[in-house]
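Chain identifiers are assigned alphabetically (A, B, ...) following the order of the sequence lines, protein sequences preceding nucleic acid strands; residue numbering begins at 1 within each chain.
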Amino acid sequence: MASGNILEVENLRVDIPVASGMLHPVRGIDFSVSRGETLCIVGESGCGKSLTSLAVMGLLPKTARRTAARMDFLGHDIRTLREREMARLRGGSISMIFQEPMTSLNPSYTIGNQLAEVYLRHVEQSRAAARDRAVFLLEKVGISSAGSRLGQYPHQLSGGQRQRVMIAMALMCGPELIIADEPTTALDVTIQAQILHVLADLQHEFEMGMILITHDLGIVARVADKVQVMYAGKTVEEGPCEAVFDAPMHPYTQGLLRCIPIPGKTQRGERLGSVPGIVPNLVGELSGCMFRNRCEYASEACAEMRDEPTRMGDGHAYTCLRAPEEIAGERQGAGGTL
Amino acid sequence: MPAYTLKRTFVAFLILIVVSGLTFSLSHLSADPALTIGGEQASEEDIQAIRKLYGFDRPVHVQYFDWLGRALSGDFGESYHYKQRVFDMVSERIGRTMLLGTLAILFALVVSIPLGTLAAMWPNSIVDRVALFIAVLGQALPTFWFALMMIIVFGVWWRWLPISGHTQWANYVMPTIALGYYATPALMRLTRAGMIEVLASDYIRTARAKGLSPGSVLFKHALRNAIIPVVALAAVWFGFMLGGSIVIETIFNLKGIGWLSYDALLRSDLPVVQAIVLVFASFYVVLTLLADLLNAYLDPRISVR
């Protein structure tokens with residue numbers, strides 16, 4: 001692993017006891033983020049991507065159990081930190097932006113209060129400095145007349161404005177790492193693009209590492225340095241953004257990419273693809289490739305396969321029994337649309 | 001906010017007028033006050049004379065407006081039985097009732113909010129079950145029975161507390177607990193339900209993601225929001241504590257207006273009953289109004305609607 005990494009996670013697992021047994025929503029995933037780098041974690045609902053981010057933050061539900069071979073953040077071993085020490089990192093060096101801007105701000109306090117609060121907790125006890133920082137960041141995230149906004153309550157702001165406030169809040173203490181869990185999913189399409197630009201610009205400006213969790217491949221293509229595709233709690237494919245988009249190896253990644261129109265490639269009137277079937281139940285003992293019941297290439301061997309990724313160099317890797325040559329040959333045959 | 005307050009105050013005033021009209025007509029329809037005043041030995045002529053003297057021979061609505069006109073200037077008439085000014089009788093005793101009601105609602109809040117919060121922090125834990133037990137007990141035990149049990153245990157057996165009167169602070173201990181315990185279950189369960197809902201909300205997750213201290217998450221972010229419906233309910237219960245202290249005041253012989261209303265009802269002392277009902281109604285109306293204003297203050301979204 002590169003030495004510039006600010007976060008390194010190996011073999012992260014999350015287990016949640018449920019009525020029917022043990023649920024395994026995250027089943028051993030590795031990832032790392034370096035300063036200024038954007039890692040996109042992609043996958044459909046229920047693949048464990050949100051729980052992965054909550055596991056890093058130490059914000060999993062009480063009943064969930066987290067295990068990992070390694071979870072290092074800036075020299076801290078997150079696995080062994082006490083809650084009190086973890087709380088010092090949260091909001092200070094690691095910030096999180098959530099999916100639901102409409103409900104993520106406390107309705108009873110002004111946004112100025114909520115912005116200042118995190119600064120006063122982690123940086124310094126100076127209301128004036130906290131206020132200045134809040135105004136500076138509100139302007140940065142594109143909120144007009146920022147000074148007078150401080151006295152407003154969340155219900156006086158639109159969804160897009162609230163998400164801008166959430167971004168500003170996440171940046172209050174100058175974090176090293178920012179985790180954004182589907183930050184634009186709940187917003188209008190036009191607002192989505194703006195919010196994403198704000199986020200990407202500020203990430204570059206402040207040289208933060210960012211983990212962006214999304215199911216929107218259009219977003220990934222625009223901002224990601226690295227992509228990690230999750231399916232049923234595991235990484236099925238990972239690599240540099242261009243490599244994964246240009247030459248997707250795993251059938252699931254290929255399926256996802258067929259679902260979105262690509263300007264210049266998708267013909268008018270051409271049907272977009274879909275990935276048929278549903279995510280399998282992740283309760284109890286699980287073995288083999290979990291995608292096999294939805295995969296057009298599935299064979300009996302898939303039920304037995306172990307998670308040994310096929311590495312292609314430059315960090316691109318995928319977990320599938322099909323050989324790189326086979327997939328590449330097929331891509332040639334299909335005329336290179338994928 | 002001022003417009004909201006003004007509107008609510010006007011509505012509150014209308015409610016009081018309607019309540020007074022209703023009690024007036026109901027009490028004059030349910031009993032002939034002249035018969036009560038005259039007593040069992042009164043002859044038909046005596047009764048007629050009493051009717052004329054007190055103005056009962058006039059139509060009810062005329063009597064009502066006559067009463068209302070005086071009441072608005074603070075004259076609530078004279079007690080048929082005690083021959084004292086009702087205003088003096090009520091104002092002499094109202095302080096005791098208000099003290100008891102205030103102590104009772106404070107007792108209820110001091111018990112129910114921490115207990116409800118603890119129960120919500122660990123649902124289905126032993127703490128939650130103990131809280132539930134206390135709540136069910138409070139709901140199930142009739143107030144008068146609970147009050148009598150306290151008198152037997154603390155007043156008669158152990159002799160820790162006086163069992164009647166209103167002259168020293170110790171007189172208020174048992175009535176406060178008996179009355180306040182009655183309001184505890186509802187307030188505690190509402191606190192618990194509100195806290196459970198709020199603790200699962202997105203903004204609490206945000207507060208935790210900001211690395212705030214557990215105390216700040218719990219008290220600043222959670223309790224403030226969970227308490228909003230509790231405030232409204234507590235105001236209604238406060239009204240009930242003030243107006244519903246009739247039984248408790250009677251049991252403990254604590255001579256507030258609850259006791260007075262019991263006494264006046266037994267004697268069909270209508271001017272006294274009428275005035276006390278109006279006082280109780282005012283308690284409710286004023287407290288509901290205060291609760292709404294307090295809610296508007298606690299929840300900035302309310303006054304906008």
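Heavy atoms of B/S213 lying under 4.5 Å from chain A belong to its backbone as well as its side chain. Neither the backbone nor the side chain of A/M86 comes within less than 4.5 Å of any heavy atom in chain B. For chain B, no part of A/M172 is nearby; none of its heavy atoms comes within less than 4.5 Å. Residue contact with chain B, scored on non-hydrogen atoms closer than 4.5 Å, involves the backbone and the side chain of A/S104 alike.
Counted within 6.0 Å of CD1 on B/I126, heavy atoms from surrounding residues, nucleotides or ligands total 12 or fewer; the atom is thus considered open. Applying the 6.0 Å contact sphere to OH of A/Y119 captures more than 12 heavy atoms from other residues, nucleotides or ligands. Shown here is B/E197, whose CD atom has no more than 12 heavy atoms of other residues, nucleotides or ligands within 6.0 Å. In the displayed structure, A/E205 atom CD is contacted under 6.0 Å by more than 12 heavy atoms of other residues, nucleotides or ligands.
A/Q114 and B/K210 get closest at one heavy-atom pair: O-NZ, 2.8 Å. Of all heavy-atom pairs spanning B/R205 and A/L59, the tightest one is O-CD1, 4.3 Å.
For the set A/V118, A/T103, A/I179, the count of heavy-atom pairs under 4.5 angstrom toward chain B peaks at A/T103. Between chain B and the options A/E100, A/M57, A/M96, A/R84, the largest number of non-hydrogen pairs under 4.5 Å is found for A/E100. The candidate from A/E117, A/R88, A/H122 with the greatest count of non-hydrogen atom pairs under 4.5 Å with chain B is A/E117. Per-residue counts of heavy-atom pairs under 4.5 Å with chain B were compared for A/G91, A/S108, A/A87; the largest is that of A/S108.
When each of B/H221, B/R224, B/K220 is checked for a side chain to side chain contact (heavy atoms under 4.5 Å, CB included) with A/N106, only B/H221 meets the rule.
Between A/F98 and B/T206 the shortest side-chain heavy-atom distance falls below 4.5 Å.
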